[in-house]
Participant: 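Attaching a single structure in structure tokens format; questions to follow.
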There are 2 protein chains.
Amino acid sequence: MIKKNKTAYCPVDYAFQRIGGKYKGRILWYLKDGIMRYGELKRIVEGITPKMLTQTLRELEEDKLIMRKVYKEVPPRVEYRLSETGKELIPFIDQMRIWGEKQMAME
Amino acid sequence: MIKKNKTAYCPVDYAFQRIGGKYKGRILWYLKDGIMRYGELKRIVEGITPKMLTQTLRELEEDKLIMRKVYKEVPPRVEYRLSETGKELIPFIDQMRIWGEKQMAME
DNA sequence: ACAAGTAGGCACAATTTTGTATCCTACATA
DNA sequence: TATGTAGGATACAAAATTGTGCCTACTTGT
């Protein structure tokens, strides 16, 4: 679990703390187009285990970057979407993506 | 040490791998205005130990985000600056900073 | 009857990242 | 002579993060 109550030394530090972690960037990115179910995320976020997916989603939710909606159905059905705060992160994740693409192309 | 040869699953993943870590964002940010010496960074990057500063700078250098210049003097003198690739990250880190400031203000 | 899908929980283990303490050079100043 | 300085290195220890394996309940499909 990510330690809570870490104090950030500056806004840059703060932002990195909130979206750091192995999968957070990708999850936020995949949610940019709308709603996703747990299982869809599991398939699309390559390399993630169920445990880490659950854990990361919970952290993003506590951090108010995403919203979680549970339907009382069987089989279970849970949907995730970006919060307004989370949506604000998309433009710069997009910049990261563009930079990353360029770097990867340059090898 | 940050494990090398991790394969990135996508450009977003790749970018986060390269600038993830506890201090990388801040160091890149502090270097945005030009050249900094080791000791200056040590004073300005709050909470960092000499070991972590050295280690982080080495990683950034291997990753070609910064450049290191050693003067053969005594006492030693080492300067760090952003590479062109590193400079390209600044707009994005700046967006993070703005987002972070807003979030911190909202408490 | 039995497996598969759905969204996880839990205990534990391995890995990765970060921190602490101590040491080094070679010259300068007190 | 002792101490300070700059920029580290190194061994070891602790903390944080991530991974493994096994478990649940219920329903639908074969």
Participant: Please report, rounded to the nearest Å, how far the P atom of C:dT6 is from the CG atom of A:Leu57.
Facilitator: 16 Å
Participant: Is A:Arg58 close enough to C:dG9 that one of its side-chain N or O atoms is under 4.0 Å from OP1 or OP2 there?
Facilitator: yes
Participant: Output the single nucleotide from D:dC12, D:dT20, D:dT18 whose closest atom is nearest the side chain of B:Lys51.
Facilitator: D:dC12
Participant: By nearest atom, which of the nucleotides C:dT6, C:dT18, C:dA7 is closest to the A:Arg43 side chain?
Facilitator: C:dT6
Participant: Pairs in or reaching into residues 33-48 of chain A: which pass salt bridge (Lys or Arg N to Asp or Glu O under 4.0 Å), with residues at least two apart or in two chains?
Facilitator: none
Participant: Can you list everything that forms a ring pair (Phe, Tyr, Trp, His ring centres under 6.0 Å) with A:Tyr30? Sequence neighbours excluded, please.
Facilitator: none
Participant: Please determine, by modelled atom types, if A:Glu79 and A:Tyr38 share a side-chain donor-acceptor pair under 3.5 angstrom.
Facilitator: no
Participant: A:Ile48 has an atom CD1; how far is it from atom C1' of D:dG19, in whole Å?
Facilitator: 11 Å
Participant: Does A:Arg81 have any side chain to side chain donor-acceptor pair (under 3.5 Å) partners at least two apart in sequence or in another chain, and if so, which?
Facilitator: none
Participant: Can you list, by residue number, the residues of residues 28-40 of chain A that have a non-hydrogen atom closer than 4.0 angstrom to DNA chain C?
Facilitator: A:Arg37, A:Tyr38, A:Gly39
Participant: Can you pull out every ring-ring contact (aromatic ring centres under 6.0 Å, His included) where at least one residue sits in residues 41-62 of chain B? Sequence neighbours excluded, please.
Facilitator: none
Participant: Is any side-chain nitrogen or oxygen of A:Lys22 closer than 4.0 Å to OP1 or OP2 of D:dG19?
Facilitator: yes
Participant: Tell me: OH of B:Tyr9 to P of D:dT18, nearest whole Å?
Facilitator: 13 Å
Participant: Taking ring pair (Phe, Tyr, Trp, His ring centres under 6.0 Å) as the test, write out the residues that go with B:Tyr80, two or more places apart.
Facilitator: none
Participant: Hey, could you give me the CD1/CZ distance between A:Ile66 and A:Arg58, rounded to the nearest 0.5 Å?
Facilitator: 9.0 Å
Participant: If the helix axis at each end comes from five base pairs, how far does the helix from C:dA1-D:dT30 to C:dA30-D:dT1 deviate from straight, to 10°?
Facilitator: 20°
Participant: In whole angstrom, what separates B:Leu53's CG from D:dT10's P?
Facilitator: 17 Å
Participant: Side-chain donor-acceptor pairs under 3.5 Å in residues 88-96 of chain B, sequence neighbours left out?
Facilitator:
residue, atom, partner, partner atom, Å
B:Glu88, OE1, A:Lys102, NZ, 2.9
B:Glu88, OE2, A:Lys102, NZ, 3.0
B:Asp94, OD1, B:Arg97, NE, 2.9
B:Asp94, OD1, B:Arg97, NH2, 2.7

Participant: Please pick, from C:dG19, C:dG8, D:dA9, the nucleotide with the shortest atom-to-atom distance to any side-chain atom of A:Tyr80.
Facilitator: C:dG8
Participant: Starting at CD of A:Glu46 and ending at P of D:dT18, how long is that distance when rounded to a whole Å?
Facilitator: 18 Å
Participant: B:Met52 side chain: which of C:dG19, D:dG8, D:dG19 is closest?
Facilitator: C:dG19
Participant: Just the table, please: protein N/O against nucleotides 2-4 of chain D N/O, every pair under 3.5 Å.
Facilitator:
none

Participant: Among residues 64-76 of chain B, which ones have heavy-atom contacts with DNA chain D below 4.0 Å?
Facilitator: B:Arg68, B:Pro75, B:Pro76
Participant: Show me the pairs that pass salt bridge (Lys or Arg N to Asp or Glu O under 4.0 Å) and involve residues 13-22 of chain A, at least two apart or across chains.
Facilitator: A:Asp13-B:Arg26, A:Arg18-A:Asp63
Participant: Listed by chain and number, what are the salt bridge (charged side-chain N to carboxylate O under 4.0 Å, His left out) partners of A:Lys87, not counting sequence neighbours?
Facilitator: A:Glu84
